[in-house]
There are 2 protein chains.
Amino acid sequence: MNKEIPKITEAELEIMKVLWSKSPQTANEIIESLEPKMDWKPKTIRTLINRLAQKEAVSYHQEDGRMYEYYPLVSQERFLQVETKSLLRHFYGTSLKPLLVNFLKEEKLSPEDINELKQILDEKSEENQRKDRRK
Amino acid sequence: MNKEIPKITEAELEIMKVLWSKSPQTANEIIESLEPKMDWKPKTIRTLINRLAQKEAVSYHQEDGRMYEYYPLVSQERFLQVETKSLLRHFYGTSLKPLLVNFLKEEKLSPEDINELKQILDEKSEENQRKDRRK
DNA sequence: AAATTAAGATTACATTTGTAATATTATCTT
DNA sequence: AAGATAATATTACAAATGTAATCTTAATTT
């Protein structure tokens, strides 16, 4: 597991997002979701869907006759994970704290989330102390 | 302040990274830094530098005669901030907790950093409670 | 000063991405 | 069944990006 995922472009990402929000969906449903916000022609959206299918970021099965229903092959979690990893790799050695601060401030977090994050921070504290003691 | 920053492509980002690590640098110095890791011809690297100059992500001044010394016009902090904002905007409404968890795990943080982050989390906790009480 | 070298400037060309239009084909109407 | 409709498939084309090569010109070497 943990395979490579195909490169997904900006425009294609919009398709993925609607499929992540609900799946499966027909091409027409996707088009309906996107036409207002993106100002794309239906044909454009179909092209993007097809490209995603070619690169196996989505797949489909025939539903009730002629139409396809599409669903993502790449999960949002996986996608985000890969994107973040890539960012981290790029900026390896750079202080990311300012960025973390930004994140934490902007993000709405549930109490459970907050506790989990604090716990992770505690774990890091302990790690540090263990290392300190060894020195 | 807080102006738009120009779009910087993957390849161009490599140039920015070497200029962020040390600046100013001549084209040749940049080339030396990059040739081993990226397998690019010097001319390729010069093209990328020029494109960055055109889009005003870097600038230069003439040093000792014919050669230019290049320096970034976009700071690394600003770049990261914009990139992350864009990621956040994309995934507005999505739980970014897994992503944060990833970040926290990978990042080496000093004890002071950790405390600062915990404090931010505490503040968020309080916010939540205040909101709860109001309901 | 003429020839050589080496910066920087300009131009080139393939691939990827954005943005569709046209062609084909399966289904629905009449 | 013939025509109309509406999906999917195929093709198109401009802009952005990756990856250089050639051209021009200023500096260095003979």
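All chains are named by letter (A, B, ...) in the order of the sequence lines, taking the proteins before the strands, and each is independently numbered beginning at 1.
Nearest-nucleotide positions on DNA chain C place A:K7 closer to the 5' end than the other of A:K7 and A:Q62. A residue-by-residue look at B:L48 and A:Y70 shows that A:Y70 has its nearest nucleotide of DNA chain D further toward the 5' end. Comparing B:K55 and B:T44 by the nucleotide of DNA chain D whose heavy atom lies nearest to each, the residue mapping closer to the 5' end is B:K55.
Side-chain contact, B:D122 with B:S125: no donor N or O sits under 3.5 Å from an acceptor N or O.
One interatomic measurement links the two molecules: NE2 of B:H61 to C1' of C:dG8, which rounds to 16 Å at whole-angstrom precision. The nearest whole Å value for the distance from the CG atom in A:N50 to the P atom in C:dA21 is 16 Å. C:dA20 atom P lies 9 Å from atom CD1 of A:I45, rounded to whole Å. As rounded to whole Å, 12 Å separates atom P of D:dG18 from atom CD1 of B:I8. For the pair B:E12 CD and C:dT16 C1', the computed distance is 15 Å after rounding to whole Å. Regarding B:I30, its CD1 atom lies at a distance of 13 Å from the P atom of C:dA7, rounded to whole Å. Look at CG on B:D39: it is 15 Å from P on D:dG18, rounded to the nearest Å. Computed from coordinates, the A:I49 CD1 to C:dT19 C1' distance equals 14 Å when rounded to whole Å.
Checking D:dA20, C:dG8, D:dA9 against every side-chain atom of B:Y68, the shortest atom distance belongs to C:dG8. Side-chain proximity of B:K43 to the nucleotides D:dC23, D:dT8, C:dA20 is greatest for D:dC23. With D:dT8, D:dA20, D:dG18 as the choices, the nucleotide that has an atom nearest any side-chain atom of B:T9 turns out to be D:dG18. Nearest nucleotide to the B:R66 side chain, out of C:dG8, C:dG18, D:dT28: D:dT28.
Side-chain contact check for A:Q76 versus A:M16: every heavy-atom pair is 4.5 Å or farther apart. Annotation: side chain of B:K37 is not in contact with side chain of B:V18 (no heavy-atom distance under 4.5 Å).
When the side-chain nitrogen and oxygen atoms of B:N28 are compared with OP1 and OP2 of C:dA7, one or more of them lie within a distance under 4.0 Å.
Within 3.5 Å, no donor on the side chain of A:R51 pairs with an acceptor on the base of D:dT10, nor the reverse. Side-chain atoms of B:R46 and base atoms of D:dT22 include no donor and acceptor less than 3.5 Å apart.
A pairwise comparison of heavy atoms in B:L13 and B:W20 identifies CD1-CZ3, 3.9 Å as the closest pair.
Between A:Y71 and A:H61, a ring centre-to-centre spacing shorter than 6.0 Å is recorded.
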